[in-house]
Amino acid sequence: MSDVNEIEDRYAPDSIIRELSNPSRRTEAMYHFTKNEMEDVQYLIDMVNNALHEIIAALGIKASIKFAFVATVKSPFKSLKYDQNDYIIIVGWKYLYWLHVLCVRLQHAPVMHAYLGLDQHTEFPDYRGKYLIDICRDIMSDEERFTEATSKLCCGLSIQTAIALIINHEVAHIAHGHVDFINSSDFSQFKDCSESENLTFRTLEMDADSSSITTTFSIIGRKIGNAVESAPLSKKAYLSAYYARRMIFGIYVSIIFQDSIANSHNPIKHPPGYARFLIFYLLLKNDIQSQEEYFWDLPDKLREKMAETFTELSGELGCLGYPMMSNALASGDSDEFTPTYDPFVADFMWSIHLEPLNGRWARIRPFLVPRLKGGLLAPPSTDPY
């Protein structure tokens, strides 16, 4: 029996990798890597393994979940069932590398580096007039940054949070019974037309997003609490806020990253990017209210600093073309940049893209209850649809 403090190796063994390589498994991956083939990016394996270990423990999951790195061009992250109570999370390793590079580069960007407590920022190409998504894609595609990303592990808490948010989302699909439900005969009644099927998929994605932000905040928040526990009383507030900024930065980078790698910004099976951000943002604001008062404005303050950072790179707030940042008016003079967000846009996005999902959630929730393997399902808030 392993020691209770030992972290189980959850990378899929070679036997499962060979099985996944069978075309009948339909993983949509071009190639499935054994752990030995991925030894050059062991640090990425360790981060996913640690995140998965913490999530399974936090949610009390009653199932076996492993993961495997793949080469993929379609689904960078995907949850699959491969046996009776055995599941696997398919992870496009290159996407994690891009996430790490983006996290490192942005935390060292103008404005952001000072807010996060870093001494200096790195140089960037001329991004004047470019959209935020195009800036991020350019940063991620710069292969020369691989060495920088792996050497500057001072972004530890930020990248841990960013990866945890993604893995949490995939675990929620398993723990909340989504994977079993989709592959069951019960799902057929939601496939009478493409509109109904896509509405159901979007609802499941909303549930996974909600679970991922709540669980990530709980896990990373506990880490922050442990990190400052032994600090002098006079420094506890400062250190708590310092680490909380890194955590929220990681959450925002993860959201931006997922939009940057999306094939479509008007998806039919997922809520659009800004609607997903609203889920994360509102739940984060709610969760953070349980903390000390000096935490409460951090989600808004971090959002302002992200907007200011990308405005510094692009040259103008209006150039960003990204509602999470550019749903704003810049008020004050050039030395006092303050984005003022328009609540109408957020309310409109919520009413169009998220509110209709509540009725579908009330309808599918009874099918998920007997398939629940960990965590909690949100209660219904309206009549079934």
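What you see is a predicted model, and the numbers here were worked out from it, not measured in a lab. Here, residue 1 is the first one in the sequence, and each next residue gets the next number.
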Report task. Please test Val91 against Tyr11 for side-chain contact (heavy atoms from CB on, under 4.5 Å), starting from the C-alpha separation and ending with a verdict. Result -> CA-CA 11 Å; Val91 179; Tyr11 197 96; over 6 Å; no
**Report entry** ring-ring contact (aromatic ring centres under 6.0 Å, His included) between Phe201 and Phe187, intermediate numbers included
**Finding:** CA-CA 11 Å; Phe201 277 124; Phe187 190 69; 5.5 Å; yes
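More than 12 heavy atoms of other residues, nucleotides or ligands sit less than 6.0 Å from atom CG of Asp83. Atom CG of Leu376 sits in a sparse spot, with 12 or fewer heavy atoms from other residues, nucleotides or ligands closer than 6.0 Å. In Gln289, the CD atom is crowded: over 12 heavy atoms of neighbouring residues, nucleotides or ligands sit closer than 6.0 Å. Within a 6.0 Å sphere centred on NZ of Lys285, other residues, nucleotides and ligands contribute more than 12 heavy atoms.
Applying side chain to side chain donor-acceptor pair (under 3.5 Å) to Asp207 and the options Arg365, His169, Arg202, His176 leaves one that passes, His176. Shown are Asp209, Thr214, Thr216; of these, the side chain to side chain donor-acceptor pair (under 3.5 Å) with Asn168 is made only by Thr216.
Side-chain contact between Phe190 and Arg363 is present, with heavy atoms from C-beta onward closer than 4.5 Å.
The closest side-chain donor-acceptor pair between Arg18 and Thr34, if any, does not fall under 3.5 angstrom.
No salt bridge links Arg222 with Glu54; every basic N to acidic carboxylate O contact stays at or beyond 4.0 Å. Under a 4.0 Å N-O distance rule, the pair Lys66/Asp86 does not qualify as a salt bridge.
For Tyr87 and Tyr82, the distance between ring centers is not under 6.0 angstrom. Ring centroids of Tyr97 and Tyr43 are separated by 6.0 Å or more, keeping the two rings apart.
Applying the ring pair (Phe, Tyr, Trp, His ring centres under 6.0 Å) definition to pairs two or more places apart or across chains, those involving residues 222-264 are Tyr252-Phe277.
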